Every structure is written in C-alpha cells, then in structure tokens.
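Structure first, then comments.
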Amino acid sequence: MLRITGGKVFDPANGINGEVRDVCILDGRIVADVEGGRTLNATGLVVFPGGVDVHTHVAGAALNFARAMIPEDHRRNTPFVRTAVRRGGIGGATPTTHVTGYLYAGMGWTTVNEAAVPILSARHTHEELRDTPIVDKTCCLLLANNEILLDLLEAGEIERATHVVAWQIWAAKAYGVKAVNPGGVAAWKWGKDAKQLLEPIEGYAKVTPAKIIAGLAGIVDALGLPHPLHLHCNNLGAPGNCATTLETMKVLEGRRAHLAHLQYHAYGGDDWPTMRSESVRVAEAFNARPNLTTDAGAVLFGDTVTITADGPWQHLLHKLTGRKWGNLDVENETGCGIVPYVYKEKNLVNAVQWAVGLELLLLIDDPWRVFLTTDHPNGAAFWRYPEIIQLLMDAEFRREQLKALPPKALKRIVLPELKRQYTLYEIAIVTSAGPARALGLTQKGHLGVGADADVALFNDSKDIAAMFAYPRYVIKGGEVVLEEGEIRKVVEGRGFLVRPTYDEKVEDYIRPLFQQYYTMSFDNYPVEMERIERPEIRPCTLIPDQ
Amino acid sequence: MSTILTLKEQPAVPLEAEVLTPDILAPLGPVEVRALPVFLGKRQYRLDEFFVVEGGGSDHLEIRGEAHNVKWIGRGMTGGRITVAGNVGMHLGAFMKGGTIEVSGHASDWVGAEMIGGMIHVWGNAGGQIGAAYRGSLSGMKGGTILVEGSAGMEIGMRMRRGLIAVKGPVRDFAGLQMKGGTIVLLGGAELRTGAWMVRGTIVTLQPIRLLPTFLYACCYNPVFLRLYVKHLHGLGFSMPYAAEEGAYHRYTGDTSVPGKGEILVWRPCAP
C-alpha cells in the first residue's frame, strides 16, 4: 500500500495536466483510495506514469554480438559494481542485461519493446529479457523476409499465410510483428537489396516490398494484434529515401502501422554531399494519415553501435566508415548487421540526422502518434533520452546546440525555424501514454484506477536533462525500486505476449518445409512458455481508441 | 623525499595497482598512501599489505622488489617520475599522458598501451603490444616515447597513430600491425610480417628483415627527416647510422593490401 501525495500529476490518458492530487497504490495497481501503508510526500515533484519504450534493442543474438564487438566501449564506461541489491555489469552503448534494467528504471522507464526478434533466436532473446530486471517486456517478431511467408505471398495464399504468421507469433512467444527492409534482407542473401517498392525482389517473380508491407499489415489487422505492423521501411539511411517512405505510407492504404525510427527515413538529396532534411514533407504526409504511429529514432552526437536486421545497409555503412562489421545470417528468416559508429556534430550527414529526429518530433502535430526513441543503440543509447527531452522542451537550448553544426548543414535543415517547445504534459505523452497506447498495453502509460502501478517522480526543476536523468522515486508494480537516485529494490518484470488463433493443421504445412530447409529440428523451434518471465497473454482485440 | 615502495613478497596472482602514479601519490602523506586500495584477483586490499611504504608527498615514486606480477603501474599518469628497481608487470604506463617511467629490469606486455605523452624507458626486455591499441580500440599510442634496451614481443605499435618506439634488441612478429602513424625504430631487426596492414607511419630497421610481398620497393635514399630522429635518439642513447658514406635506407611502401601509404626503411650499409 502506498499513497503519493502532494505531487503535480501528469496523466495525459486521463486528461490530468499538472493537477496536485494523490495517487494511491494497492497490490501493484492504481486504486481510487488506500487506507494506511506508506505515504510518499511528493510536494514539489512531478508525477508521471512509468516510461514506455516502443522501439529498442536490449536483448538477443545481435545485441550480444555487438557487445562482443565493442570491448573499447566497455572500457570507456564506468562499470556497475555489485551491491547488496544490484548485480554487477557494464553500461555504455550496449549495457549488459541487468544493467539495462537498472538504467531504464533509473530514468523512470518501466516497459520496453524489444523490436527485432527472429524466431530462431527467440529463445535466447527471452532468456536475456528474463535477465533484464524491473522493466516489463514485449517483443516484435521479424517476418518480412521469412522465406516460408514470402513463398505464400508469391503464391497468393493469404489465408494460409495468416495462419502461418499466427503460428509463428505463438512459436516465438512474441507480442507483435516487425517488418525490416521488406524483401531487402532476403535479397541480401544474393548480395542484393530491395530499393524499389514495386519491383519483385531477388528470387521471386511476384513478391515486391509493397506486397509484403500490405500483406503483413493486413494479416496483423486480421489477427487483431494489439500492436500494428511495426515497420522499418526500405532504403533506411539513404539520401533521398523520403520518396520510399511516402510511397510506403500510400501502400499501407489506411491499414494500421507503426513506422519505426522515422528519422532514418526522412532524407532528401541525391547523394551524401547533397543530403538534406525532408522532415516537413514526411511530417505532412504523416499528419494526414491517422492510421499511422511512429517513433523518432533520434540521433545524438557521440559513440554508439548500430545494430539492425537490415544487413545490406550495415554492409554499406561498414564500407562508408571502414569500421568493424558483423554480419549474421538467420537461415530462412532474416539477417543482421552490426557496425560501431560515431555521430560527429561536424559531419554534415550526422548533423542533418541529428536535426531530422528533432524536427519530426516537433513537426508532427499529434504527440499521441510520435514517440521518443533513439532506436537504441542505433541513434544513441537509451540512457541519453533526457538529453532529447531537454532539446524538445527548451528552444533556446536547441538554438545554442545549432551553433556547433557546420554552416552548410544549417541550410539543409528546418530545425532553426521551429519554435515549438514541448510541455511536461506532451513529454508524458511521447514517453509513456502514447507508446503504451500504440502497443495496446491498456494498463500501462496512465495512472487511472486499474492501471499498473508504474510511476516516476521527478524534481520540478529547470535543469530538464538532470530532472529526467535522476528521478527522485520510481515505483514499479507498486514497489519503490528507486529512491533518492539509488536502486533500492530489484523486482522481476513481466513478459507480455499474444496468442492469435490459427488452424492447428498449419503445422502439417510448416513441418516438412522445416525438415527440408532448417538446421533446427521442428520440435525444438517453438519457445516454451516457461522461458517467459511472469508471462501475461494479452487479448487479440483491436483497442477502440486506436 | 621520494615515495619508496618496497614489495614485501611476490603476490600469488597479479596485483592490480593502478593507484601507483605520481598523480595519486604526490598529494598524500604516508598514512594515506598505505591505505590506498589495490586488487588481488577480485578482492580489495590495502597497499601496505603488499608494500613497505617510506616517504611521501613527492612526485617521484620509487618501486623496489620483484614486481613482475604488479600490473597497471603508472596508468594514466600526467606528470612526475616513476623508477622501478627490478621488473614490472603488464600495462606499465598504459594511457599515460606525461611524466617519465624508468625500469631497470624487464617489463611485461602492453607497455605504454594507448599512451598519449611522456616517456617510458625499459632497460631490460619488454613483452608484446608495446604502445598498442587495446583490443577493439581504433588507435594505439598517440604520442610520447617508448625506449626498450632489450628485445620486445609481438604486435609492438599495433594501430599506433603518433609517437616513437625504439627497440635495441630483436622484436617478434607483426611489429607495426595496422599502424596509422608514428615511428618505430628497430635496431635489432624483426621477425615476420612487419608492417602488416599498415596505413601510414614509418618503420625503420637497421637489420635486414623479411618483408611481406605487399610492400613495394620505392627507392634508396637518406631521408632528411631521419636526421632529426638520429639526433634525438642519439641523445637518448640509441645510435643510428645516417651518413651517406656509411650506407642508405631502402624504402618500401605499403601495405598495399589495405591499401596503405606507410613505409619501411631498411638500412643497407655500404660494402666495406
């Protein structure tokens, strides 16, 4: 039992904007009132629902590969020394599992969506997620380059494809479906990419990226998954790719979709020297399509490591930078590339990328449809979110930062013209209420009766970055896990998943394909339920307010 | 008076003593110095459990005893002087920015790894990876000087960007591996694959060495810039021939497999 009293509450899902009121907690849930128990005096503090990260990479084979590839980053960062409460580990661009939980909770974020899980490494991913304490977890399954699925789309067997997708989601114990560079990763296995949405991809006569996008978005809707298709568009990172992004929006034709890390898909120009921001065009098109949500995938200057299933892009990045390159081939399902990277403010391309992420967050009108992410660790590590919040809330601070960019870059961005400043209410939307709603997690992102008691209390300070980097208290599932800047208690998070309905006979179709093409035995493929930490199966029904 | 640390007995496993720098010791009195933390394996101990501490408050640190199992001496130091009467363990002067370290005996691997400035002089032999980049890092030493009177091990100057390494004795394989700049002077020659994947920088050898086939012969000359090095090294006790009447340097460029624009200068004395 806990009563938080005297704090200014920001709960956008319930229309509460800075009202001083009590928040009461009983048995891990928000309740209307509570008798007895501990009282937290939150006078002078602001009270937010726990943060929800709609797109991050915190677990799985690719992340582990990246961890192994960047010992120099581990050395640079202060180690987390074991205490009576915490386990040891390292931070940096790819924090170890336990440290990931401590760092998220240490900023007041309590739910994360691991955005890219191949079925073949889903078991490993769930084991790492299980080792990531405090935060609740969902994960999205990589399907847009799954060859069983592509073969069905080629044959026009949409109904069977729907059953296969449902079976695969349950086999991976996933929550949603992710499409990464649709068709491009399958083509990469022949050393090609898929840059044109309407051209058949390598190895297929009829399947185009557009068909994969429309097909998967339709299947996700037909299955009633709470989270729409999580889409990493084709042509990520390339100059002039806004044309592909705008075309993708048209291809979706009103179907639900979440466009991941939009910053990487909003560039103009013909080549690197002419690259410029096209955030205005992309934001306009996005604003006109209420079927879409997005996350920023913002970039911050500094060292990081890029990890994506978009194998061809990572190869190009390796060629451009000369940095280390890791490439993973996940049999018939997907691929992955890893390249350490430094975003430099004096680099023209990086300066444009930095501006585009912020521009999109400022130009998209509806904060309920655009969310704060850095596509961790691709744009920057997640623990740098407070820096982005400061850039969004303080136009003067933004102007100061712009002075460090190369003069050429200023002519290619619109950020200097944007005066908008986020309010605390809007920050609560883009960091918590909005992403929770987009994920269909009805008990997250708000402080109404019945919600999970995930609450963050911050100092009401003018130093915005410090305010959001060091919450005074963090409550997870009703337990005070962080107090006065210190992790005081480590609780286990929950794993959310869905079980869409499918015809059990679809296994008879998948099993022989498996025996023919996979190195793994079919019976070893699906992830067992006991691998999931405190599993909770969410219903497959579309949420009305979406 | 110098701070004098005398090792009581050989630690059973390597002792991690990154507190042994003039920067940390100079402001401290003997009592505080004795209480400084060191790590034996994963356990933390006081410095005086391993060393007899005399003196204090000086930027000159003297270490006595058989310290070949004591690691990280002089890590990141920015000034002052360390003298070691005996051998030292791994990572001597790693990340150092200034000051001098002198070792009368042998040193282990990673001497001056990723150092930025200062000087390290080893009177005995040194291990491998002198002035090198730690695994995964882009650059090794970016400045400073490392002098070794004896031999050295593998991968010396790996990914070094600036600075000078001079070794009197023979060195093992992969000297100047992936070198990006700076100078390595090999007075006693080297074993295999010298300069592999080097992009820039200069390796000078006074002994004939077996070159990789990806190094191309350029010319035979007595480069003007080398006169400065000869003069500088002579002052440090490392004598190199230079005069045209004594011989000439054959210049090989490479490593063309990268492709690189580094150079290996091989001294050929005139026929007597």
Side-chain angles (χ1 to χ4, degrees), chain A residues 62-84 86-96 98-99 301-307 314 317-328 337-347 350 377 381, chain B residues 16 18-19 37-45 71-72 74-76 90-97 109-110 112-116 128-129 131-142 155 158-161 177-181 196-201 255-262:
Chain A
L63 198 82
N64 241 4
F65 196 133
R67 286 179 182 129
M69 268 178 70
I70 51 169
E72 70 277 17
D73 182 72
H74 309 327
R75 281 194 297 274
R76 266 197 303 266
N77 288 283
T78 314
F80 276 67
V81 179
R82 184 178 177 157
T83 67
R86 279 187 346 219
R87 290 177 62 167
I90 44 174
T94 52
T96 46
H98 290 273
V99 173
F301 299 118
D303 279 85
T304 192
V305 57
T306 61
I307 309 168
Q314 290 296 77
L317 193 61
H318 156 66
K319 287 286 178 194
L320 284 169
T321 62
R323 297 292 299 268
K324 288 176 271 193
W325 173 50
N327 186 55
L328 292 170
I338 300 140
V339 179
Y341 192 75
V342 187
Y343 291 98
K344 298 173 183 164
E345 58 192 5
K346 292 296 175 200
N347 177 303
N350 295 163
Chain B
E16 301 200 10
E18 52 198 30
V19 291
V38 290
F39 283 85
L40 187 72
K42 65 178 183 180
R43 293 195 173 78
Q44 186 175 323
Y45 293 89
K71 299 202 285 192
W72 298 109
R75 176 183 173 148
M90 291 202 285
H91 310 291
L92 174 78
F95 306 109
M96 73 185 279
K97 298 179 178 73
D109 302 333
W110 302 102
E114 297 191 18
M115 70 188 284
I116 294 168
Q129 293 87 22
Y134 281 113
R135 302 300 181 203
S137 292
L138 282 174
S139 302
M141 68 188 288
K142 291 178 184 163
E155 297 176 355
M158 174 178 57
R159 283 183 228 142
M160 69 185 285
R161 192 174 278 284
L177 175 68
Q178 291 183 306
M179 194 174 169
K180 297 170 173 186
W197 293 345
M198 72 188 290
V199 180
R200 282 177 190 276
D255 182 345
T256 55
S257 68
V258 182
K261 294 176 184 170

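Numbers restart at 1 for each chain; the letters A, B, ... are given by sequence-line order, proteins then strands. On a predicted model such as this, the values are computed, not experimentally measured, just so you know.
- Residue A:Gln314 holds its CD atom at 8.0 Å from CD1 of A:Ile338, rounded to the nearest 0.5 Å.
- Nearest heavy atoms, A:Ala62 versus A:Leu328: CA-CD1, 4.0 Å.
- Applying the ring pair (Phe, Tyr, Trp, His ring centres under 6.0 Å) criterion to A:Phe65, with sequence neighbours excluded, gives no partner residue.
- Here the shortest heavy-atom pairing between A:Thr96 and A:Gly89 reads OG1-CA, 3.5 Å.
- Shown here for A:Gly92 and A:Ala381, the closest heavy-atom pair between the two residues is O-CB, 4.0 Å.
- Annotation: side chain of A:Ile90 is not in contact with side chain of A:Val99 (no heavy-atom distance under 4.5 Å).
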Mind listing the donor-acceptor pairs under 3.5 Å that bridge chain A and chain B?
unit_1	atom_1	unit_2	atom_2	d
A:Arg75	NH1	B:Arg135	O	3.2
A:Arg75	NH2	B:Arg135	O	3.0
A:Arg75	NH2	B:Ser137	OG	2.7
A:Lys324	NZ	B:Gly136	O	3.0

